[in-house]
> 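Take this structure, written in structure tokens, and hold onto it; I'll ask about it next.
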Amino acid sequence: MTNATDPDKPAEGAGESLDFIRTIVTDDVKAGKNAGRVQTRFPPEPNGYLHIGHAKSICLNFGIAKQFGGKCNLRFDDTNPTKEDVEYVDSIKEDIRWLGFDWDDREFYASDYFEQLYEWAEHLIKTGKAYVDSLEADKMREYRGTLTEPGKPSPDRDRPPQESLDLFRRMRAGEFPDGALVLRAKVDLASPNFNMRDPILYRIRRAHHHRTGDKWLIYPMYDWAHGQSDAIEGITHSICTLEFENHRPLYDWFLDNIPAPCHPQQIEFARLNLTYTMMSKRKLLRLVQDGYVSSWDDPRMPTLSGLRRRGYTAAAIREFADRIGVAKRDSIVDVALLEHCVRDDLNASAPRVMAVLRPLKVVLENYPEGQVEHFELPAHPDNPEMNMRKIPFSRVLYIEHDDFMEDPPKKFFRLAPGREVRLRGGYFIKCNSVVKDPVTGEILELRCSYDPATRGGVAPDGRKVKVTIHWVSADHAIEAEVRLYDRLFSDPDPGADREGVDWTSLINPNSLEVLKGCKLEHTAAGAEPESRWQFERIGYFCADRRDSKPGALVFNRTVSLKEDNWRKG
RNA sequence: UGGGGUGUAGGUCAAGGGUAGACCGGCGGACUUUGGCUCCGCAUGCUGGUGGUUCGAAUCCACCCGCCCCAGCCA
């Protein structure tokens, strides 16, 4: 008996476990709800840049739509002109496209619906379910009651519909100053859910809106705009984060009290938290404004533009979103999983190149001066389709400073006085002596000898070396700047509010180290901005899409290679 | 103190009445011209607690406890 012939099995994802949202959608489709149609939406407010947490939502919404043969709209929730800006809508669109999703022509704005929203508001007034209130903000807070006491009615609560209607129209016409009046729904002042204690639908705000300009003087609140926008677009499943769970009764109440074209179902899931970073838009904004980072797309930022600039691939982020799952409990995902996803992707695709970040000069005493030979190495160890690279070799080389130790500990297998190692793709070399600065004791260069019989890296006599190190020919190397990025925070959960701790004190002071004069294999000379490479034995690097230029290359470390912990033992 | 949620390996997430799995991480080993990759193996869980129903409970019921969200004219 196979699933394929069993009508009771879900059409999608059969055999695999579904997250709770896909389970709901599957059941709805099976039950013929919405005529089997699935329509989702991703509804960002254009008041900041998208971050990895948004990526989870984007992948979920676009992913579900695709999986069930539906569509996902992009809708900007632009109901608060004082905080929103076109700069953000542009960046949001760019980031979603980069992530690999397409909304075709379904680019919507809550502000597109202001007129319809206004009409429905009048409908609520006419049916006695909304009223214009003149209570000041402070008073209104007082009247709203507390967790244990019910709210009490505003003196305006029983204003006749006709009077409210008149006032509301005059609010729109601009007859009152900002904040003088609001439109409130008449729901239930005694509800233990504050959202139901006569929520505000409209406030007066003389603010220039990035799309509607100065047309409107009154703007709808989130609660009044969101569900109605969903209904207008025919959304079937309105997926949002947990903090809106308390809003669901209101979401439903509005839809039940207007002639809505349909009634979407709101479903809430837990937003993403990641270790060693934070998602708070407010705090992210402060990192930028106070100069802790250079910009929204600083490679240390958890923004999509930051991750992109750091060298993360869209595929890696999508894979990550798949792996973290979807649930309702608050959690914090280990950033190591994200790093695993990029390594996995980049390991398969990034061409290899040798790069010496902290050069240590090596002179091969027995190699003829002026001689140059070339070795061939594959650009990728297990992808023969990628070309071979020809690497020049000569008497003076650079190796990584870390690959030499004068007095090595037990588990250090690299170069040391009297010790032999293999130069990747080249010869075995042995360290004969160390040249030091007589004053400082600093190691200036290594005098070594090579074994001509080991060309290509194998010894005819069968002797082995413990390790292979990377190198670059001094005369043939190109130079580059390399930016070593590390986690922005030194605390695993910097977003958690702890009393007495200012979150900015948790910023990792060593989150960026800039290395100049790094020596790279010439193969990397043509590195295009945003091209990704593996610097062998070091990590994955991406040519900075803003600062890297031909002849003045700048690479960002995306993530290091996983390292055997020889230092620990 | 009111309401709404949520508690399963170190971390995320599965199992939905038949005695707990995957991935990441950790540890160990094999392989290796990247201390990478790959491959093998190991470990940790009284499934928040206590009672109850049942032949049998992580799954059902009751009570309790922890954590998160809610008193913006923010979203």
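Quick note: numbers below take in every heavy atom, side chains included, and nothing from hydrogens, waters or symmetry partners. The chains referred to below are lettered A, B, ... by the order of the sequence lines, with proteins before strands, and numbering in each begins at 1.
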> Indicate yes or no: does A:R537 engage A:E400 in a salt bridge with an N to O separation below 4.0 Å.
no

> Please determine whether a side-chain nitrogen or oxygen atom of A:R144 lies at a distance below 4.0 Å from atom OP1 or OP2 of B:rC70.
no

> Is any side-chain N or O of A:D334 under 3.5 Å from a base N or O of B:rG10, one able to act as donor and the other as acceptor?
no

> Can you give one letter per nucleotide of nucleotides 36-47 of chain B, 5' to 3': B if a protein heavy atom sits under 4.0 Å from the base, S if only from the sugar-phosphate, - if neither?
BS----------

> Record whether the side chain of A:R329 comes under 3.5 Å of the base of B:rU12 through a donor-acceptor pair of N or O atoms.
no

> Taking only residues two or more places apart in sequence or in another chain, which ones pass ring-ring contact (aromatic ring centres under 6.0 Å, His included) with A:W296?
A:Y49

> Can you give the donor-acceptor pairs under 3.5 Å from side chains of residues 321-328 of chain A to other protein atoms, not counting sequence neighbours?
unit_1 : atom_1 : unit_2 : atom_2 : d
A:R323 : NE     : A:E319 : OE2    : 2.9
A:K328 : NZ     : A:E245 : OE2    : 2.4

> Does the distance from a Lys or Arg side-chain N to an Asp or Glu carboxylate O, for A:K83 and A:E45, drop under 4.0 Å?
no

> Please classify B:rG72 as syn or anti, treating any glycosidic angle within 90° of 0 as syn.
syn

> Going by heavy atoms closer than 4.0 Å, what residues in residues 188-204 of chain A are next to RNA chain B?
A:P192, A:F194, A:I200, A:R203

> Test of understanding: with ring-ring contact (aromatic ring centres under 6.0 Å, His included), list the residues that count as partners of A:F393, not counting sequence neighbours.
A:Y367, A:F375, A:Y427, A:W471

> So how far is it from A:L217 CG to A:I204 CD1, rounded to the nearest 0.5 Å?
8.5 Å

> Can you check whether any acceptor in the base of B:rG35 is under 3.5 Å from a donor in the side chain of A:R414, or vice versa?
yes

> For A:H470 and A:I538, what are the C-alpha separation, side-chain angles and deciding distance, and is it a side-chain contact (heavy atoms from CB on, under 4.5 Å)?
CA-CA 10 Å; A:H470 59 281; A:I538 302 177; 3.7 Å; yes

> Write down the distance between CG (A:L18) and P (B:rC13), rounded to a whole number of angstrom.
16 Å

> Return the stems involving RNA chain B, sorted by first number, where pairs are Watson-Crick (N1-N3 with N6-O4 or O6-N4) or G-U wobble (N1-O2 and O6-N3), both under 3.5 Å, and runs are 3 or more long.
B:2-7 with B:65-70, B:10-13 with B:21-24, B:26-30 with B:38-42, B:48-52 with B:60-64

